[in-house]
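Report on one structure; see the data block that follows.
Numbers for residues simply follow the sequence, beginning at 1.
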Amino acid sequence: MASGSERVFLFSSESVNEGHPDKLCDQVSDAVLDTCLREDPKSKVACETVTKDNMVMVAGEITTQAKIDYEKVVRAVVAEIGFDSYVDDLSSVDSKGLSDKTCEVLVRINKQSPDIA
(Lines give C-alpha, C1' and ligand atoms only; values in the text may rest on other atoms or scores of the structure.)
Protein backbone atom coordinates (compact mmCIF):
# COMPACT_ATOMS: atom_id res chain seq x y z
CA MET A 1 0.00 0.00 0.00
CA ALA A 2 1.32 3.40 -0.93
CA SER A 3 1.79 6.05 1.69
CA GLY A 4 0.36 9.53 1.20
CA SER A 5 3.59 10.83 -0.36
CA GLU A 6 4.16 7.96 -2.81
CA ARG A 7 2.81 8.11 -6.31
CA VAL A 8 1.48 4.95 -7.88
CA PHE A 9 1.14 4.70 -11.62
CA LEU A 10 0.70 2.11 -14.30
CA PHE A 11 3.10 2.05 -17.24
CA SER A 12 2.25 0.28 -20.47
CA SER A 13 3.69 0.25 -23.95
CA GLU A 14 2.97 -1.31 -27.31
CA SER A 15 5.45 -3.16 -29.45
CA VAL A 16 4.72 -4.46 -32.92
CA ASN A 17 6.77 -6.71 -35.18
CA GLU A 18 8.53 -5.87 -38.40
CA GLY A 19 6.06 -5.59 -41.28
CA HIS A 20 3.17 -4.53 -39.03
CA PRO A 21 0.95 -1.85 -40.63
CA ASP A 22 1.82 0.62 -37.84
CA LYS A 23 5.51 0.36 -38.71
CA LEU A 24 4.79 0.77 -42.42
CA CYS A 25 2.76 3.90 -41.70
CA ASP A 26 5.50 5.36 -39.51
CA GLN A 27 8.09 4.72 -42.22
CA VAL A 28 5.94 6.34 -44.92
CA SER A 29 5.33 9.42 -42.77
CA ASP A 30 9.05 9.61 -41.94
CA ALA A 31 9.95 9.32 -45.64
CA VAL A 32 7.57 12.18 -46.52
CA LEU A 33 9.14 14.32 -43.78
CA ASP A 34 12.70 13.45 -44.86
CA THR A 35 11.91 14.22 -48.51
CA CYS A 36 10.42 17.60 -47.63
CA LEU A 37 13.33 18.56 -45.36
CA ARG A 38 15.94 17.40 -47.87
CA GLU A 39 14.59 19.82 -50.47
CA ASP A 40 13.38 22.57 -48.13
CA PRO A 41 14.85 22.64 -44.61
CA LYS A 42 12.14 25.13 -43.57
CA SER A 43 9.30 22.71 -44.37
CA LYS A 44 6.45 22.45 -41.89
CA VAL A 45 5.09 18.90 -41.92
CA ALA A 46 2.09 17.41 -40.11
CA CYS A 47 1.61 14.09 -41.90
CA GLU A 48 -0.21 10.89 -41.01
CA THR A 49 -0.41 7.62 -42.91
CA VAL A 50 -3.01 4.85 -42.84
CA THR A 51 -3.06 1.53 -44.68
CA LYS A 52 -5.66 -1.18 -45.26
CA ASP A 53 -6.30 -3.78 -47.97
CA ASN A 54 -3.77 -2.74 -50.62
CA MET A 55 -4.30 0.97 -49.98
CA VAL A 56 -2.03 3.57 -48.43
CA MET A 57 -3.29 7.06 -47.62
CA VAL A 58 -1.08 10.00 -46.72
CA ALA A 59 -2.95 12.91 -45.20
CA GLY A 60 -2.19 16.09 -43.38
CA GLU A 61 -0.94 19.60 -43.76
CA ILE A 62 2.43 20.40 -45.31
CA THR A 63 3.93 23.76 -46.14
CA THR A 64 7.08 23.41 -48.24
CA GLN A 65 8.80 24.74 -51.31
CA ALA A 66 9.75 21.14 -52.22
CA LYS A 67 8.05 19.46 -55.15
CA ILE A 68 7.09 16.07 -53.72
CA ASP A 69 5.77 13.09 -55.68
CA TYR A 70 3.93 11.57 -52.73
CA GLU A 71 2.88 8.47 -54.65
CA LYS A 72 6.51 7.76 -55.57
CA VAL A 73 7.59 8.17 -51.93
CA VAL A 74 4.83 5.81 -50.73
CA ARG A 75 5.58 3.12 -53.33
CA ALA A 76 9.33 3.28 -52.62
CA VAL A 77 8.79 2.64 -48.89
CA VAL A 78 6.29 -0.17 -49.56
CA ALA A 79 8.79 -1.80 -51.96
CA GLU A 80 11.74 -1.34 -49.61
CA ILE A 81 9.88 -3.09 -46.79
CA GLY A 82 9.06 -5.97 -49.14
CA PHE A 83 5.33 -5.67 -49.67
CA ASP A 84 5.05 -6.91 -53.25
CA SER A 85 2.00 -9.15 -53.38
CA TYR A 86 -1.70 -8.56 -52.90
CA VAL A 87 -4.41 -11.13 -53.59
CA ASP A 88 -7.98 -10.16 -52.66
CA ASP A 89 -8.63 -13.49 -50.95
CA LEU A 90 -8.24 -13.91 -47.20
CA SER A 91 -7.32 -17.58 -47.65
CA SER A 92 -4.41 -16.75 -49.98
CA VAL A 93 -0.99 -17.79 -48.72
CA ASP A 94 0.68 -15.80 -51.51
CA SER A 95 -0.68 -12.39 -50.50
CA LYS A 96 1.37 -10.09 -48.30
CA GLY A 97 -1.64 -7.79 -48.06
CA LEU A 98 -0.03 -4.96 -49.99
CA SER A 99 1.77 -4.53 -53.30
CA ASP A 100 4.05 -1.65 -54.19
CA LYS A 101 2.97 -1.98 -57.83
CA THR A 102 -0.82 -2.23 -57.48
CA CYS A 103 -1.73 -0.52 -54.21
CA GLU A 104 -4.04 2.45 -54.30
CA VAL A 105 -2.24 5.55 -53.07
CA LEU A 106 -4.47 8.33 -51.75
CA VAL A 107 -2.95 11.74 -51.05
CA ARG A 108 -4.89 14.25 -48.99
CA ILE A 109 -2.29 16.92 -48.30
CA ASN A 110 -3.13 20.61 -47.93
CA LYS A 111 -0.99 23.58 -46.95
CA GLN A 112 -0.96 24.48 -43.29
CA SER A 113 -2.88 27.50 -42.09
CA PRO A 114 -0.73 30.65 -42.20
CA ASP A 115 -1.53 30.99 -38.48
CA ILE A 116 0.46 27.80 -37.88
CA ALA A 117 3.05 27.88 -40.65
- Item | Shared hydrophobic cluster for Val78 and Tyr86 (ILVMFWY, side-chain gaps under 4.5 Å) | no
- Item | Closest contact, heavy atoms only, Cys36 versus Ala66 | O-CB, 4.1 Å
- For the residue pair Val56 and Arg75, establish whether any side-chain heavy-atom pair is separated by less than 4.5 Å. no
- Query: Out of curiosity, Asp40 CG to Lys67 NZ, how far, rounded to the nearest 0.5 Å?
  - Reply: 9.5 Å
- Message: Would Glu80 and Asp100 count as a side-chain contact (heavy atoms from CB on, under 4.5 Å) here? Give the steps.
- Response: CA-CA 9 Å; Glu80 183 178 315; Asp100 61 306; over 6 Å; no
- Met57, Val74: one ILVMFWY side-chain cluster at the under-4.5 Å cut-off? no
- Query: Between the side chains of Ser95 and Asp89, is a donor N or O closer than 3.5 angstrom to an acceptor N or O?
  - Reply: no
- Please tell me if the side chains of Ile62 and Val32 come closer than 4.5 Å, counting only heavy atoms from C-beta onward. yes
- Task: For the residue pair Ile109 and Tyr70, establish whether any side-chain heavy-atom pair is separated by less than 4.5 Å.
- Result: yes
- What's the verdict on salt bridge (Lys or Arg N to Asp or Glu O under 4.0 Å) for Lys96 and Asp84, showing C-alpha distance, side-chain angles and the deciding distance? CA-CA 7 Å; Lys96 294 182 181 176; Asp84 58 6; 3.0 Å; yes
- Query: If Ile, Leu, Val, Met, Phe, Trp and Tyr residues are connected whenever their side-chain heavy atoms lie under 4.5 Å apart, and connections chain through other members, are Val50 and Leu106 in the same group?
  - Reply: yes
- Single-linkage hydrophobic cluster Leu37~Val45, side-chain heavy atoms < 4.5 angstrom: yes
- Taking atom types as modelled and ignoring hydrogens, do the side chains of Ser29 and Thr49 form a donor-acceptor contact shorter than 3.5 angstrom? yes
- Task: Determine whether Arg38 and Thr35 make a side-chain contact, defined as any pair of heavy atoms from C-beta on separated by less than 4.5 Å.
- Result: yes
- Item | Donor-acceptor pair, side chain of Thr63 and main chain of Lys111, under 3.5 angstrom | no
- Item | Point-to-point distance, once rounded to the nearest 0.5 Å, from SG of Cys25 to NZ of Lys52 | 12.0 Å
- Query: About how many Å separate CD of Glu61 and NZ of Lys44, when rounded to the nearest 0.5 Å?
  - Reply: 13.5 Å
- Message: Can you tell me how far apart OG (Ser99) and CD (Glu104) are? Round to the nearest 0.5 Å.
- Response: 13.0 Å
- Begin with the C-alpha distance, continue with both residues' side-chain angles, and end with the deciding distance and a verdict on side-chain hydrogen bond (donor to acceptor under 3.5 Å, both in side chains) for Ser92 and Asp94. CA-CA 5 Å; Ser92 171; Asp94 297 322; 4.7 Å; no
- Message: Checking Leu98 against Leu24 for the side-chain contact (heavy atoms from CB on, under 4.5 Å) test, could you report, in this order, the C-alpha distance in whole Å, the side-chain angles of both residues, the deciding distance, and whether it holds?
- Response: CA-CA 11 Å; Leu98 185 63; Leu24 167 75; 3.5 Å; yes
- Note on the structure: One should read off an interatomic distance between Ile81 CD1 and Lys23 NZ, to the nearest 0.5 angstrom, of 10.0 Å
